[in-house]
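In what follows, a structure is listed as structure tokens, so that the remarks can point back to it.
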Amino acid sequence: MHAHGHAPDADDIAARILAVVRAIPRGQVAGYGEVARRAGLPGRARLVARLLSHNGDRALPWHRVLRSDGRIALPEGSTEYREQCARLRSEGLRVEGGRVRGARAVATVDAQVWGPAPD
DNA sequence: CGCCTGACCACGT
DNA sequence: CACGTGGCCAGGC
């Protein structure tokens, strides 16, 4: 084990992504690309999606991860899709037409406290 | 190796 | 806001 730590192993990458997902506050959402970026993996949105699709941890707040436009990525009508809808609504979020309203208004907690980055 | 698929994204119309 | 287009990365075969 311990291959040259130069490039992070798949396990480390997965762990970082999951950590970022767990860090999304209740009642808030983030895009796949946003999550990847926060995990230090710009451009790996699809990796985040793949990881969540294989995830088995029910405690993981995977439902807070949406497409960049605020839409639910899962196929409409599927069991997982309905569960995501239910979980989001249970957190007080308004979901309409498979989309979370106001998801793009606040991308980060900082934006909520300090307002949109002036720079 | 090449080819196809996927819980994606940015951009233009 | 809906759609279409091209791009990107990882896996499965």
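Order of the sequence lines sets the chain letters (A, B, ...), proteins ahead of strands, with each chain counted from 1. For clarity, every value in this text was computed on a predicted model and none was experimentally measured.
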Per A:Leu47 side chain, nearest of listed nucleotides C:dA10, B:dA7, B:dA10:
C:dA10
Below 4.0 Å: OP1/OP2 of C:dC3 and any side-chain N or O of A:Arg71:
no
Looking at A:Glu80 and A:Arg82, is there a salt bridge between them, counting it only when a charged N and a carboxylate O are closer than 4.0 Å?
no
Would you say the side-chain atoms of A:Asp57 pair up with the backbone N or O of A:Ala59, donor to acceptor, closer than 3.5 Å?
yes
So, are A:Glu34 and A:Arg38 salt-bridged, with charged N and O less than 4.0 Å apart?
yes
Using whole Å, what does the distance between atom C1' of nucleotide B:dA7 and atom CZ of A:Arg64 come to?
17 Å
Rounding to a whole Å, what distance do you find between A:Arg44:CZ and B:dG6:P?
21 Å
Could you tell me the separation between the NE2 atom of A:His54 and the P atom of B:dA7, rounded to a whole number of Å?
9 Å
Phosphate contact (B:dA7 OP1 or OP2) by A:Ser78 side-chain N/O below 4.0 Å
no
Rounded to the nearest Å, what distance is computed from the CZ atom of residue A:Arg50 to the P atom of nucleotide C:dG11?
6 Å
Distance check needed: C:dA10 P versus A:Asp9 CG, whole Å only.
14 Å
To the nearest Å, how far apart are A:Leu41 CG and B:dC9 C1'?
16 Å
Taking C:dG7 as the reference, what is the distance to B:dA7 when you measure between their P atoms (whole Å, please)?
22 Å
Does the distance from a Lys or Arg side-chain N to an Asp or Glu carboxylate O, for A:Glu83 and A:Arg58, drop under 4.0 Å?
yes
Decide yes or no, distance alone: a donor-acceptor N/O pair under 3.5 angstrom between the base of B:dC8 and the side-chain of A:Arg46.
yes
Test salt bridge (charged side-chain N to carboxylate O under 4.0 Å, His left out) on A:Arg94 and A:Glu96; report intermediate values, then the result.
CA-CA 7 Å; A:Arg94 198 172 82 182; A:Glu96 271 177 49; 3.2 Å; yes
Nearest of B:dC9, C:dA2, B:dA7 to any side-chain atom of A:Arg67?
B:dC9
When rounded to whole Å, the CD to P distance for the pair A:Glu80 and B:dG6 reads 17 Å
Find the distance A:Asp69:CG to C:dC3:P and express it as a whole number of Å.
12 Å
Winner on side-chain proximity to A:Arg99, out of C:dC1, B:dC9, B:dA7, is C:dC1
